[in-house]
Structure formats: C-alpha cells, structure tokens
Amino acid sequence: MRRTLLPASIGSLVLVLLLSGCAPADSSAQRGTQEGEPGDLPVVLASFSVLEDMASAVGGDRVDTRSITPPGAEVHEYSPTPGDLRDTAEADLILFNGLGLEAWYEQFLTHTSAEVLMVSEGVQTLPVTRLPSTSEPTDDEAAQAEQEDLPVNPHAWMSPAQAMIYVDNIEAALSELSPADADTFAKNAEDYRGEIRRIWQEAAAQLDPLQAAGPVHLVSCEGAFSYLAQDLGLSEHYLWPLNAEDQGSPQQVEAQIRYVTENQVPAVFCESTVNDAAQQQVAESTDAELSEPLHVDSITEADGPAPSYLELLQHDLDLIIEGAQL
C-alpha cells in the first residue's frame, strides 16, 4: 500500500488542540488492555461515511471503522473539529477518496503516523464534461483544450464498476494492516462485490426496455452521477458541475429548463446535501416532477432510506428508474 503524506505545517492543528484543551491521544492508552475488547482492533478512519461503510463491510468485526464526516454531512466543504483530529491520532489506517473531493483533508495527512490510502487509486476517472453556458459552441480544438482544463469528477464510488476497485483497494489495505485476517477480508470483499454487481445488473435489466424506447435522462443538481450514467447508458445533465459558489445561477437554471423541455424529461433530481431551490424552479417551469432526494456524499442514519452504501445505490437507482417511467 502506498503511504501518502503531504507536506504542510501542522502548527494550526496543534493550536486548535491546545485551545480545545485536548492533546493528541495515545492510541495504546485509548484501546483497552484486554484481548478481544473493541479497543484492541485496528482503527480505520475514513474521510466520509460511504467509505467507512465500505471498510466496515470488508473488515467486518476485525476492524474498528470510523468516519470523519457524520451521516448526512456534506463532504466537499466539511469543517473538521478537534474531536476529528483526536480520531486521526488514534488511526492505524486512513482512507480518503482523493480526486479533489476532500479539499479540507490534507491537514489530516500531516497529523498522523498512520498508513494513508487513496481508495480511488486505479479507477478510470472522468472529467467534468459539461459546464452550462450561453456562449456559442467552440471549434473542436478549442473544445478539447477546454475539457482538458476541467477538473476530474471525484464521485467515482457512484459507479458500480469503479466501486469494485474501491473494494479491491480497501481489501488490500486491510490485509496489509492485519495479515492474519486476510482470508476473512477476501471473503467479505468477494461477497460485497457480488452485491454491488447484483444491484448493477438488476438496474440494467429494468432500464433496458425503457432505453429501447428512447434515452433515459438523469437530470440532477450537482454533476455527481457521471460514472453511474456511464455504467448504465444514461443521458446526464446537471445544474452545476461541482460544489461551487455559483450553484443555481440563472444561466444554469435556464440551461436546465431548456434541456428538460427539449427532451421531455419526466423527472428531475437533487442531492440530499444541497439546496434544491434551483431545481424546484426547473420543475415549476416544465412538466417535470421533482423527485425525492438522491444520496451521494453520505449514507443516512439507520432509520433513513440509505443507511449503507449498498442501500444508497439501490435507493438512487430505484428513484431514477421510477422517474423514467412517469
């Protein structure tokens, strides 16, 4: 496993801990002393709840998995707390998505002696390929140059195909962390990949007759579904490409309304962690229905509709397929 440490000053982190009356925890002191206690387990700390759930599925009861961001939180612009830093000091392995998702996360990678894994390593990334604009189309050469300047879409876990690479990476990292449990991790990972594959195949089978009659459109607030759209052959459109200051601008709303109208899209969507006001304008200006929220950056609490990654994927696909049938 590649250890990833980024050079940066940790003075501000130390100051935060001192001001909060906290010092970095001694992991051996925090983990209990009797064999078999939860504190004896290797601590695997993930940047957000989706990765924590994946690690929990692969690690089972052989690891102590935790998430920096809680269920329901927005991961892009999360503000870490002193408690998060204490968890970082206790961690044996830290998992983060990378690809520009966690702009706040570099500080954690300078405040730990744990192994660090970018779980998206090896995925086939996609650029953010559509920025709503009122300008005239450019020629092919200029359009290609513009695309090369666009950021990578970080939401690769929303692709069943790429999510299985995440699982491969997590399995390898856990096996290196606890070699004695490698067989257990391998079995759990294989079962987990099988569940991801089943959800993917069932969704494809449901979409097949719909797509035989014409394109199925996935119209969302943030462009978080490019990987899922690629896996299932969906036509994607969105208000804004990534979390940014100009979310829901008049130009973005105008472009979305035009797309929905021209393609007679029956349902539009927004993500659970963003404001859906702009998408409500799109729905009100067209004949489209604003569906229930899709979940991307976070699983939900246990009583919510997406309390695990598998349930998140199933929930979103169910809504997308239902929307296409309106």
Side-chain angles (χ1 to χ4, degrees), residues 16 45-56 65-85 87-88 94-109 118-120 126 128 131 151-159 162-163 166 218-228 236 238-249 252-253 256 268-282 290-313 315-316 319-320:
V16 168
L45 183 65
S47 60
F48 66 112
S49 58
V50 170
L51 300 187
E52 186 276 331
D53 185 71
M54 287 183 167
S56 179
T65 58
R66 307 175 188 177
S67 173
I68 291 290
T69 61
E74 202 284 315
V75 65
H76 293 267
E77 300 171 358
Y78 179 74
S79 296
T81 67
D84 296 332
L85 300 179
D87 279 344
T88 304
I94 295 179
L95 308 177
F96 74 112
N97 186 77
L99 307 180
L101 180 75
E102 310 99 331
W104 49 270
Y105 205 59
E106 289 184 6
Q107 59 184 296
F108 285 88
L109 304 186
M118 187 177 78
V119 294
S120 63
L126 296 173
V128 177
L131 292 171
V152 169
N153 191 317
H155 303 92
W157 68 90
M158 290 305 298
S159 154
Q162 305 306 323
Y166 279 52
L218 176 51
V219 177
S220 60
C221 285
E222 184 183 356
F225 299 94
S226 297
Y227 295 93
L228 182 64
E236 182 192 25
Y238 43 82
L239 284 165
W240 58 83
L242 296 171
N243 279 32
E245 293 181 0
D246 62 343
Q247 294 178 7
S249 69
Q252 292 168 343
V253 172
Q256 192 98 302
V268 295
F269 302 89
C270 207
E271 298 74 57
S272 62
T273 55
V274 303
N275 190 317
D276 67 357
Q279 196 72 301
Q280 288 181 15
Q281 293 180 47
V282 174
L290 178 58
S291 176
E292 295 177 30
L294 299 176
H295 294 267
V296 179
D297 293 339
S298 174
I299 63 173
T300 64
E301 298 286 358
D303 59 352
S308 71
Y309 170 70
L310 294 178
E311 289 164 300
L312 180 154
L313 194 60
H315 171 80
D316 286 2
L319 287 180
I320 292 165

Visitor: In the structure I gave you, are the side-chain heavy atoms of Leu313 and Leu310 within less than 4.5 Å of one another anywhere?
Guide: no
Visitor: For a quick test of reading the model, state the closest non-hydrogen atom pair linking Ser291 to Leu319 and the distance between them.
Guide: OG-CD2, 4.0 Å
Visitor: If you round to the nearest 0.5 Å, how far is CD1 of Ile320 from NE2 of His315?
Guide: 9.5 Å
Visitor: Search all heavy atoms of Ser67 against all heavy atoms of Ser49 and return the closest pair with its distance.
Guide: OG-N, 3.1 Å
Visitor: For the backbone of His76 and the side chain of Glu74, can you confirm whether one donor and one acceptor N or O come within less than 3.5 Å of each other?
Guide: yes
Visitor: Search all heavy atoms of Val253 against all heavy atoms of Ala278 and return the closest pair with its distance.
Guide: CG2-CB, 3.9 Å
Visitor: State, to 0.1 Å, how close Asp297 and Thr273 come at their nearest heavy-atom pair, and which atoms those are.
Guide: OD2-OG1, 3.9 Å
Visitor: Please tell me if the side chains of Leu239 and Cys221 come closer than 4.5 Å, counting only heavy atoms from C-beta onward.
Guide: yes
Visitor: Is there a side-chain contact between Asn153 and Leu99 in this structure, where contact means two heavy atoms from C-beta onward sitting under 4.5 Å apart?
Guide: no
Visitor: Using a 4.5 Å cut-off on heavy atoms from C-beta on, say whether the side chain of Gln279 contacts that of Val219.
Guide: yes
Visitor: Are Val296 and His155 close enough that some pair of their side-chain heavy atoms sits under 4.5 Å apart?
Guide: yes
Visitor: Strictly by modelled atom types, are Ser56 and Asp53 linked by a side-chain donor-acceptor pair under 3.5 Å?
Guide: no
Visitor: Using only heavy-atom distances, determine whether the side chains of Gln256 and Gln281 contain a donor-acceptor pair under 3.5 Å.
Guide: no
Visitor: For Trp104 and Ser47, what are the C-alpha separation, side-chain angles and deciding distance, and is it a side chain to side chain contact (heavy atoms under 4.5 Å, CB included)?
Guide: CA-CA 10 Å; Trp104 49 270; Ser47 60; 4.2 Å; yes
Visitor: Measure the spacing between CD1 of Ile299 and CG of Leu312 and express it to the nearest 0.5 Å.
Guide: 8.5 Å
Visitor: Decide yes or no for Glu102 and Val75: does some side-chain heavy atom of the first lie under 4.5 Å from some side-chain heavy atom of the second?
Guide: yes
Visitor: Where do His295 and Ser272 come nearest, in terms of heavy atoms and distance?
Guide: ND1-OG, 3.2 Å
Visitor: Would you say Ser220 and Glu271 make side-chain contact, with heavy atoms under 4.5 Å?
Guide: yes
Visitor: Would a distance-only check, ignoring hydrogens and angles, find a side-chain to backbone donor-acceptor pair under 3.5 Å from Gln252 to Trp240?
Guide: no
Visitor: Quick one: pull up CG in Leu218 and CG in Leu294 and give me the separation to the nearest 0.5 Å.
Guide: 7.0 Å
Visitor: Quickly, which of Phe48, Tyr309, Tyr227, Phe96 forms a ring-ring contact (aromatic ring centres under 6.0 Å, His included) with Trp157? Name it, please.
Guide: Phe48
Visitor: Please report the closest heavy-atom contact between Gly98 and Pro154, naming both atoms and the distance.
Guide: O-CB, 4.1 Å
Visitor: Got a second to check how far Leu45's CG is from Thr88's OG1, nearest 0.5 Å?
Guide: 5.0 Å
Visitor: If I take atom CZ from residue Phe225 and atom CG from residue Asp316, how far apart are they, to the nearest 0.5 angstrom?
Guide: 5.5 Å
Visitor: Under 4.5 Å between any side-chain heavy atoms of Ser159 and Tyr166, yes or no?
Guide: no
Visitor: How many angstroms lie between CG in Leu51 and OG1 in Thr69, if you round to the nearest 0.5 Å?
Guide: 8.5 Å
